[in-house]
S.K.: 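Here it is, the structure in full.
Quick note: residue numbers are just sequence positions, from 1. Note that ligands are numbered from 1 as they come in the structure, with each ligand's atoms numbered from 1 the same way. Please read all numbers here as calculations on a predicted model, not as lab measurements.
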Amino acid sequence: MLNIVIFGPPGAGKGTQSKLIIDRYNLTHLSTGDILRAEMANKTPLGIEAKNLIEKGELVPDDIVIGMVRNKIDSEAGSEGFIFDGFPRTIEQAEALDDILGERNTPISAMISLEVEEQELIDRLLKRAELEGRKDDNIEVIQNRIKVYNEVTSSVAGYYAKTGRHRSVDGTGTIEEIFGRISSIIDEVKKSS
Ligand code: AMP
């Protein structure tokens with residue numbers, strides 16, 4: 001199995017690149033943001049609980065997202081591997097993911113971190129607001145999401161760096177250029193695993 005974390009601030013292009021990665025490498029896309037949006041759309045108890053936090057740009061509690069990820073991994077037992085998108089966002093989530101995958105003997109091979117400067121993130125997210133109409137893509141919430149990323153989530157990169165699994169990628173340029181950088185890392189990781 002090949003398990004990859006795609007990491008970066010909101011607007012870095014994680015979702016866009018995930019779609020290209022799953023097509024080329026036949027992986028299962030696990031986006032906690034997508035799962036939460038589906039729960040909200042279906043008005044499940046979890047969705048109702050998460051809605052308020054998501055619309056403010058705050059993180060949903062660790063135990064909720066960790067439970068969701070565990071269920072998704074279990075329900076995709078035949079998968080050739082996962083691309084984790086938007087998870088982990090805290091050190092606790094990163095540790096839980098290592099535990100869950102450790103129990104299944106399929107560790108994270110690499111974390112690919114997309115680097116994009118802040119003004120470009122804001123410009124991209126405002127553009128996405130026009131195209132997709134996501135409720136958390138307005139300027140106040142965008143600024144809060146970037147703040148939460150800087151204050152809480154960015155430390156997750158250090159967690160993977162400590163175990164030699166962190167790979168930094170320039171997240172600017174065309175979608176194809178960025179994908180070229182990502183796929184050369186994945187090819188390298190596959191060869192050495
Ligand atoms: P995303 O689509 O990944 O940008 O996620 C949208 C929102 O869902 C985030 O701003 C958080 O409110 C929530 N969310 C998604 N993934 C996580 C996570 N791993 N931990 C906590 N909250 C999350």
S.K.: With a cut-off of 4.0 Å, which atoms of ligand 1 are near a heavy atom of Glu58?
M.R.: 11 (C), 12 (O)
S.K.: How does Leu59 reach ligand 1, if at all, at less than 4.0 Å between non-hydrogen atoms: by side chain, backbone, both, or neither?
M.R.: both
S.K.: Within the structure provided, determine whether Val69 and Ile35 are in side-chain contact (heavy-atom separation under 4.5 Å).
M.R.: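 No, every pair of side-chain atoms sits at 4.5 Å or beyond.
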S.K.: Who's closest to atom 3 (O) of ligand 1 heavy-atom-wise, of Arg89, Lys14, Lys51?
M.R.: Arg89
S.K.: Flag yes if Met1 and Ile21 sit in one hydrophobic cluster, no otherwise; membership is Ile, Leu, Val, Met, Phe, Trp, Tyr, and two members link when side-chain heavy atoms are under 4.5 Å apart.
M.R.: no
S.K.: Which option out of Ile35, Val60, Ile66, Ile54 puts a heavy atom nearest to atom 21 (C) of ligand 1?
M.R.: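 Among Ile35, Val60, Ile66, Ile54, the closest heavy atom to atom 21 (C) of ligand 1 comes from Val60.
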S.K.: Take Asp34 and Arg37 through the test salt bridge (charged side-chain N to carboxylate O under 4.0 Å, His left out) and record every step on the way to the result.
M.R.: CA-CA 5 Å; Asp34 284 353; Arg37 278 184 288 279; 2.9 Å; yes
S.K.: Please report whether ligand 1 has a polar contact with Val65, defined as an N or O pair separated by less than 3.5 Å (distance criterion only).
M.R.: no
S.K.: Decide yes or no on salt bridge (charged side-chain N to carboxylate O under 4.0 Å, His left out) for Arg165 and Asp98, but give the supporting numbers first.
M.R.: CA-CA 12 Å; Arg165 294 178 291 174; Asp98 274 347; 3.0 Å; yes
S.K.: Hey, does the side chain of Arg145 reach the backbone of Asp136 with a donor-acceptor pair shorter than 3.5 angstrom?
M.R.: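 Looks like yes, one N/O pair under 3.5 Å.
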S.K.: Near Arg134, which atoms of ligand 1 are under 4.0 Å from a heavy atom of that residue?
M.R.: 1 (P), 2 (O), 4 (O), 6 (C)
S.K.: Rounded to the nearest 0.5 Å, what separation is found between the OH atom of Tyr25 and the CG atom of Leu20?
M.R.: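 That separation rounds to 10.5 Å.
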S.K.: Heavy-atom contact check, 4.0 Å cutoff: does Met68 meet ligand 1?
M.R.: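 Distance cut 4.0 Å: Met68 fails for ligand 1.
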S.K.: Considering heavy atoms of the protein only, find what lies nearest to atom 20 (N) of ligand 1 and give residue, atom and distance to 0.1 Å.
M.R.: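 Checked against all protein heavy atoms, atom 20 (N) of ligand 1 sits closest to Gln93 NE2, 3.0 Å.
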S.K.: Which of the atoms in ligand 1, numbered in the order shown and given with their element, are less than 4.0 Å from a heavy-atom of Arg37?
M.R.: 2 (O), 6 (C)
S.K.: Look at the side chain of Asn3 and the backbone N and O of Thr106, then say whether any donor-acceptor pair between them is shorter than 3.5 Å.
M.R.: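 It does hold such a pair.
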S.K.: Nearest protein heavy-atom contact for atom 13 (C) of ligand 1: which residue, which atom, what distance?
M.R.: Leu36 CD1, 3.6 Å
